[in-house]
There are 2 protein chains.
Amino acid sequence: MAHSHIDACPGCEVPDLAFAAHDHAHCSADALARAEALVAEKGLRLTPVRRRVLEILLEEHRALGAYDVLTRLAAEGFGNQPPVAYRALDFLEEQGLAHRIRRLNAFTACMHPGEAHAPAFLICRGCNVVAEAPAAPVMAALQVAAGQSGFVIERSTIEALGLCPNCQVAA
Amino acid sequence: MAHSHIDACPGCEVPDLAFAAHDHAHCSADALARAEALVAEKGLRLTPVRRRVLEILLEEHRALGAYDVLTRLAAEGFGNQPPVAYRALDFLEEQGLAHRIRRLNAFTACMHPGEAHAPAFLICRGCNVVAEAPAAPVMAALQVAAGQSGFVIERSTIEALGLCPNCQVAA
DNA sequence: CTTGACATGTTATATTATAACATTTATACC
DNA sequence: GGTATAAATGTTATAATATAACATGTCAAG
Ligand SMILES: [Zn+2]
Ligand SMILES: [Zn+2]
Ligand SMILES: [Zn+2]
Ligand SMILES: [Zn+2]
């Protein structure tokens, strides 16, 4: 690889910078490479459909609906029925390579697959960009709130809707 | 009212106790009374459908799908088409009398309407109970995470899926 | 009592998601 | 290589969730 990914890497290691101008080709290529490594390591297969769906999601810091993905797949000669898209998306989500954004009924690529992370998302209603934010403190606070009633958290959904810096200026 | 609601009131003022045995008739009656007061104060109308939908949601600490609500309404002589349920649910949500649980595509009554609160939800996958948890610290942490990238939060979704104390024992 | 705003009823359709089964493709073993 | 096995994909059909658009009804103000 061209450089260390332990260090800051706009739009990739510091995903909040999804809102800022950055070398997105790098984001995308890097996430794909990590995904391939991760899947190989687990003895799983990043088949053509799965890989293509991931590439499509990686094109932008946005979330795509399953049917948007399906349209793209169909145009490229893959199956054109919903399960084709849903199965690939489900696989990617299970492997932590994509995330479901519940507020949007849509999916977005994970920009740092392999790193243990409980994701929190910032969704801009102006430009539709979706960014992953550092969620450890948020999760910790949620654990505390849950723990007070003896509730054990298994999965959590943390999504914030609002305006990114650019879109605040525009408004 | 029978007692002060500033003090602790299981299942109502301390909604995490939705998981515990409590006087739920009290929960329900109190939330409904508050809702009526709140709506009157705003010069809005808690019409028969809206009121009935709220009552239905208040029956249990669970979330109901719009079509579940619709079935109930239809059986009681209200309209039997989706907009009847969705409009009432949307009204209740806008007025803070009900909350949408995105993970479940369902709606749950707010157990302390009128109090300013950014809701966080604990969803038990064993018994399907949904509890509101104190979310201020969670929101604060999320604000910090968002603020670092200049993102301004307008609305947020915080939902945790897991097991309540009872269901942990059962498992 | 009429007007205007709000609420409800109704028809139709859009959007999102899954069940069930057939077919193909890749892997494991001989 | 050739078969058994598992995994993935394709396909048909349908379920579940949600909204657009317009007609009708209700209510309170003037
Ligand atoms: Zn990028
Ligand atoms: Zn934006
Ligand atoms: Zn209760
Ligand atoms: Zn439970």
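Below, chains carry the letters A, B, ... as their sequence lines are ordered, and counting in each starts from 1.
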### Query
Taking all atoms of both residues into account, what is the closest heavy-atom pair of B:Met111 and B:Glu132, and its distance?
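In terms of heavy atoms, the two residues are closest at N-OE2, 3.5 Å.
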### Task
Given side-chain contact (heavy atoms from CB on, under 4.5 Å), test A:Ile158 with A:Met139 step by step and report yes or no.
CA-CA 9 Å; A:Ile158 301 172; A:Met139 282 302 301; 3.8 Å; yes
### Task
Kindly calculate the angle separating the two end axes of the helix from C:dC1-D:dG30 to C:dC30-D:dG1, each obtained from five base pairs, and round it to 10 degrees.
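Terminal axis comparison yields 30°.
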### Query
Does A:Arg100 reach the side chain of A:Asp90, with side-chain heavy atoms less than 4.5 Å apart?
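Answer yes - side chains close enough.
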### side-chain contact (heavy atoms from CB on, under 4.5 Å) between B:Arg62 and B:Thr108, worked out
CA-CA 6 Å; B:Arg62 293 196 162 77; B:Thr108 193; over 6 Å; no
Heteroatom pairs (N/O) under 3.5 angstrom, protein to nucleotides 23-27 of chain D:
none

### Message
Once ring pair (Phe, Tyr, Trp, His ring centres under 6.0 Å) is applied, do any residues pair with B:Phe151, and if so which ones, sequence neighbours excluded?
### Response
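Ring pair (Phe, Tyr, Trp, His ring centres under 6.0 Å) check on B:Phe151 returns A:Phe19.
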### Query
When the nearest nucleotide of DNA chain D is assigned to B:Asp68 and to A:Phe91 on a heavy-atom basis, which residue is associated with the more 5' position?
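Per heavy-atom nearest nucleotide, the more 5' residue is A:Phe91.
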For nucleotides 18-22 of chain D, list the nitrogen or oxygen atoms of the protein found under 3.5 Å from its nitrogen or oxygen atoms, one pair per line.
unit_1: D:dA18; atom_1: OP1; unit_2: B:Arg100; atom_2: NH1; d: 3.0
unit_1: D:dA18; atom_1: OP2; unit_2: B:Tyr86; atom_2: OH; d: 3.0
unit_1: D:dA18; atom_1: O5'; unit_2: B:Tyr86; atom_2: OH; d: 3.4
unit_1: D:dA18; atom_1: N7; unit_2: B:Tyr67; atom_2: OH; d: 2.6
unit_1: D:dA18; atom_1: N6; unit_2: B:Tyr67; atom_2: OH; d: 3.3

### Message
Once side-chain hydrogen bond (donor to acceptor under 3.5 Å, both in side chains) is applied, what residue pairs with a partner in residues 154-171 of chain B remain, sequence neighbours excluded?
### Response
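For residues 154-171 of chain B: A:Arg103-B:Thr157, A:Arg125-B:Glu154.
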### Message
With ring-ring contact (aromatic ring centres under 6.0 Å, His included) as the rule and sequence neighbours excluded, what pairs involving residues 62-84 of chain A come up?
### Response
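Every pair satisfying ring-ring contact (aromatic ring centres under 6.0 Å, His included) with a residue in residues 62-84 of chain A: there are none.
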### Query
To the nearest angstrom, how far is B:Arg102 atom CZ from C:dT16 atom C1'?
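For the pair B:Arg102 CZ and C:dT16 C1', the rounded distance is 13 Å.
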